[in-house]
Student: 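Below is the structure I would like to discuss, written out as structure tokens.
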Amino acid sequence: MARITLRQLLDHAAENGYGVPAFNINNMEQALAILEAADSVDAPVIIQASRGARSYANDIVLKHLIDAVAEMYPHIPICMHQDHGNNEATCATAIQFGFTSVMMDGSLKADGKTPADYDYNVKVTRNVVDMAHWVGASVEGELGVLGSLETGMGEKEDGHGFEGKLEHDQLLTDPDQAVEFVKATEVDALAIAMGTSHGAYKFTRKPDGAVLAMNVIEEIHQRLPNTHLVMHGSSSVPQDLQDIINQYGGEMPQTWGVPVEEIQRGIKHGVRKINIDTDNRMAMTGAIRKVFAENPGEFDPRKYLKPAMEAMRAVCRQRLEEFGTAGQASKIKPLPMSAMAKRYQAGELAAKIGVTRQAAE
Ligand code: G3H
Ligand code: 13P
Ligand code: ZN
């Protein structure tokens, strides 16, 4: 079985210049769709579960679901990741249930709504790093609060995100502070804020540098060339998926997501993990709406969940190809968490600050 830690996977991605999409799951159909896509293009995958997903699906179901897909696809390295952990307990229990990686999102307080100060963020993230690295699990931290540079607002669509309006500088990760943060916490990957937000309604027009600050990624990568960067809120909200939903009775106002070419630009500048949930939600919803619109008498769930899985599989496969993840699975030999724990203890995985990747190797 090929469970892999985030750290090992992203180290491989950095060495080989590709990015890895992290797809959210809540149920069996999504797990199967992701693995079918990965298998079809020989790609490793990151599957992530939010707190909402864990309570929706139940930790025991999720654990066995991941065991099942790992058994079905033993040649595909699977990283199982906690998305937006809100405190130490959430991260610890994720590891208990077989996750190989956790995000400690200390940019917000434990309520998942209130922006936290820097010292709080460092403290809670460092606590999780100490605990996770002892058992070889990886940790993603976040610096800066996700939200729209157009409006200053966060989003509550998915239950996680600040409420109200923030100042422009709180919505952009400060590159100097990012260096301090990585030094102080020893995170394996760093999520940064640069204008993306969760959900479908990210931008009111095709984004340019004023609302999607890719330059922030480039600046952080210059100072932290060995730190794996993470882009949240990175669904592209494709026009064809908006059109399908609206054609079959949906009412989604016109909106724009993060263009794939911007993500590809990010991958050239240290972005290694790209979080995608909304595109898959939309793909499944469009397919289900189509079945219901064309066959209003249909009531067998398999008749609409199968097309939903196919639609999600197509999105996943496309992203795996676009980010360069395709073709990499067979080149990776996953290390067990116990081996990663030894590497942390030996100091082999300590943060390298301000050293170029070439020089560090
Ligand atoms: O964090 C954002 C993901 O889209 C997960 O959303 O909290 O509704 O499961 P969720
Ligand atoms: P999207 O809503 O853009 O898919 O982002 C998902 C995400 O960032 C999960 O952490
Ligand atoms: Zn996120």
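Index from 1, following the sequence. In each ligand, atom 1 is the first atom listed, and ligand 1 is the first ligand listed. These numbers were taken from a predicted model, which means no experiment stands behind them.
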Student: With heavy-atom distances below 4.5 Å as the criterion, would you say the side chains of Phe97 and Ile60 are in contact?
Tutor: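 Yes, at least one pair of side-chain atoms sits under 4.5 Å.
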
Student: Just to be sure I read this right, does ligand 1 sit under 4.0 Å from the backbone of Gln48, its side chain, both, or neither, counting only heavy atoms?
Tutor: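 It is neither part, as no heavy atom is under 4.0 Å.
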
Student: Say whether, by atom type as modelled, one donor and one acceptor occur between the side chain of Asn27 and the main chain of Glu29 under 3.5 angstrom.
Tutor: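 Confirmed, Asn27 side chain pairs with Glu29 backbone.
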
Student: So for Met103, does at least one of its heavy atoms come nearer than 4.0 angstrom to any atom of ligand 2?
Tutor: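 In this structure, Met103 fails to qualify as a contact of ligand 2 - no heavy atom is under 4.0 Å.
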
Student: At under 4.0 Å between heavy atoms, is it the side chain or the backbone of Asn24 that contacts ligand 2, or both, or neither?
Tutor: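 Contact part for Asn24 vs ligand 2: side chain (C-beta onward).
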
Student: Please work out whether any backbone atom (N, CA, C, O) or any side-chain heavy atom from C-beta onward of Thr278 is under 4.0 Å from ligand 2, and answer side chain, backbone, both or neither.
Tutor: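 It is both parts that get close, each with some atom under 4.0 Å.
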
Student: Against heavy atoms of Lys202, which atoms of ligand 2 measure under 4.0 Å?
Tutor: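 It comes down to these atoms of ligand 2: 1 (P), 2 (O), 3 (O).
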
Student: Does any non-hydrogen side-chain atom of His84 lie less than 4.5 Å from one of Arg51?
Tutor: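 When only atoms from C-beta onward are counted, His84 and Arg51 do not touch, as no gap falls below 4.5 Å.
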
Student: Sort by chain and number the protein N/O/S atoms that are closer than 2.8 Å to the Zn ion (ligand 3), and list them.
Tutor: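 Listed by chain and number, the atoms are His84 NE2, His198 NE2, His232 ND1.
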
Student: With the side chain counted from C-beta on, respond yes when Val315 and Leu241 share a heavy-atom pair under 4.5 Å apart, and no when they do not.
Tutor: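 Val315 reaches Leu241 side chain to side chain.
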
Student: Taking the six-membered ring of Phe99, is NZ or CZ of Arg54 closer than 6.0 Å to its centre and within 45° of its axis?
Tutor: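 Output yes; distance and angle both within limits.
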
Student: For Gly233, counting its heavy atoms only, list the atoms of ligand 2 lying under 4.0 Å from any of them.
Tutor: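 Numbered from 1, ligand 2 contributes 1 (P), 3 (O), 5 (O), 7 (C), 8 (O).
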
Student: Would you say Asn24 has any N or O atom under 3.5 Å from an N or O of ligand 1, going by distance alone?
Tutor: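 No; the residue has no nitrogen or oxygen that sits under 3.5 Å from a nitrogen or oxygen of the ligand.
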
Student: Each residue besides Tyr344 in its hydrophobic cluster should be listed here, by chain and number; the cluster joins Ile, Leu, Val, Met, Phe, Trp and Tyr at side-chain heavy-atom distances under 4.5 Å.
Tutor: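 Traced through the cluster, Tyr344 reaches Leu335, Met340, Leu349.
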
Student: Indicate yes or no for a side-chain donor-acceptor contact from Asn121 to the backbone of Glu142 under 3.5 Å, with no hydrogens or angles considered.
Tutor: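 Here the side-chain-to-backbone pair exists.
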
Student: N/O of Gly199 under 3.5 Å from N/O of ligand 2, yes or no?
Tutor: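 Such a contact does occur with ligand 2.
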
Student: Any idea which atoms of ligand 1 are less than 4.0 Å away from a heavy-atom of Ser50?
Tutor: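 Heavy-atom distances to Ser50 below 4.0 Å select 5 (C), 7 (O), 9 (O), 10 (P).
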
Student: Can you name the closest pair of heavy atoms from Arg7 and Ser138 and give their distance?
Tutor: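 Shortest heavy-atom contact: N-OG, 3.0 Å.
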
Student: Any idea which atoms of ligand 1 are less than 4.0 Å away from a heavy-atom of His84?
Tutor: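 Every atom of ligand 1 under 4.0 Å from some heavy atom of His84: 1 (O).
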
Student: Heavy-atom distance under 4.5 Å between the side chains of Met312 and Ile34, does that happen here?
Tutor: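 Yes, side chains in contact.
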
Student: Find all atoms of ligand 2 within a distance of less than 4.0 Å from any non-hydrogen atom belonging to His232, and give their numbers and elements.
Tutor: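 The atoms of ligand 2 under 4.0 Å from a heavy atom of His232 are 8 (O), 10 (O).
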
Student: Does Arg281 reach ligand 1 with a nitrogen or oxygen that is under 3.5 Å from one of the ligand's nitrogen or oxygen atoms?
Tutor: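 For ligand 1, there is an N or O atom that lies under 3.5 Å from one belonging to Arg281.
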
Student: Where does Asp83 meet ligand 1, judged by heavy-atom distances below 4.0 Å: at the side chain, the backbone, both, or neither?
Tutor: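 Looking at Asp83 and ligand 1, just side chain atoms fall under 4.0 Å.
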
Student: Just by modelled atom types, is the Ser197 backbone N or O under 3.5 Å from a matching donor or acceptor in the Lys202 side chain?
Tutor: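 Flag set: sc Lys202 to bb Ser197 pair under 3.5 Å.
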
Student: For His84, take its heavy atoms, then give the atoms of ligand 2 lying under 4.0 Å from any of them.
Tutor: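 Near His84, the atoms of ligand 2 are 10 (O).
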
Student: Can you tell which part of Ser50 has a heavy atom less than 4.0 Å from ligand 2: side chain, backbone, both or neither?
Tutor: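 It is neither; nothing of Ser50 touches ligand 2.
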
Student: Report yes if some N/O of Asp279 lies less than 3.5 Å from some N/O of ligand 2; otherwise report no.
Tutor: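 No, there is no polar N/O contact under 3.5 Å.
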
Student: Considering only heavy atoms from C-beta outward, does the side chain of Gln177 approach that of Leu143 to under 4.5 Å?
Tutor: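 Yes; the side chains approach each other to less than 4.5 Å.
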
Student: Check ligand 1 against Asp277 and write out every atom of the ligand that is under 4.0 Å from a heavy-atom position of the residue.
Tutor: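 That gives atoms 3 (C), 4 (O), 5 (C), 6 (O) of ligand 1.
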
Student: Treating Glu71 as the side-chain partner and Ala68 as the backbone partner, does any N or O pair qualify as donor plus acceptor under 3.5 Å?
Tutor: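 No; judged by distance alone, with no hydrogens or angles, the pair does not exist.
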
Student: What atoms of ligand 2 come within less than 4.0 Å of a heavy atom belonging to Ile276?
Tutor: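 Near Ile276, the atoms of ligand 2 are 4 (O).
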
Student: Heavy-atom contact check, 4.0 Å cutoff: does His232 meet ligand 1?
Tutor: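 False for this residue.
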
Student: Does Thr93 use its side chain to pair, donor to acceptor, with the backbone of Thr90 at less than 3.5 Å?
Tutor: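 Looks like yes, one N/O pair under 3.5 Å.
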
Student: If you look at every heavy atom in Gly199 and Thr278, which pair is closest and at what distance?
Tutor: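 It is CA-OG1, 3.3 Å.
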
Student: Determine whether Glu36 and Arg317 make a side-chain contact, defined as any pair of heavy atoms from C-beta on separated by less than 4.5 Å.
Tutor: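 No; the side chains remain at least 4.5 Å from each other.
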
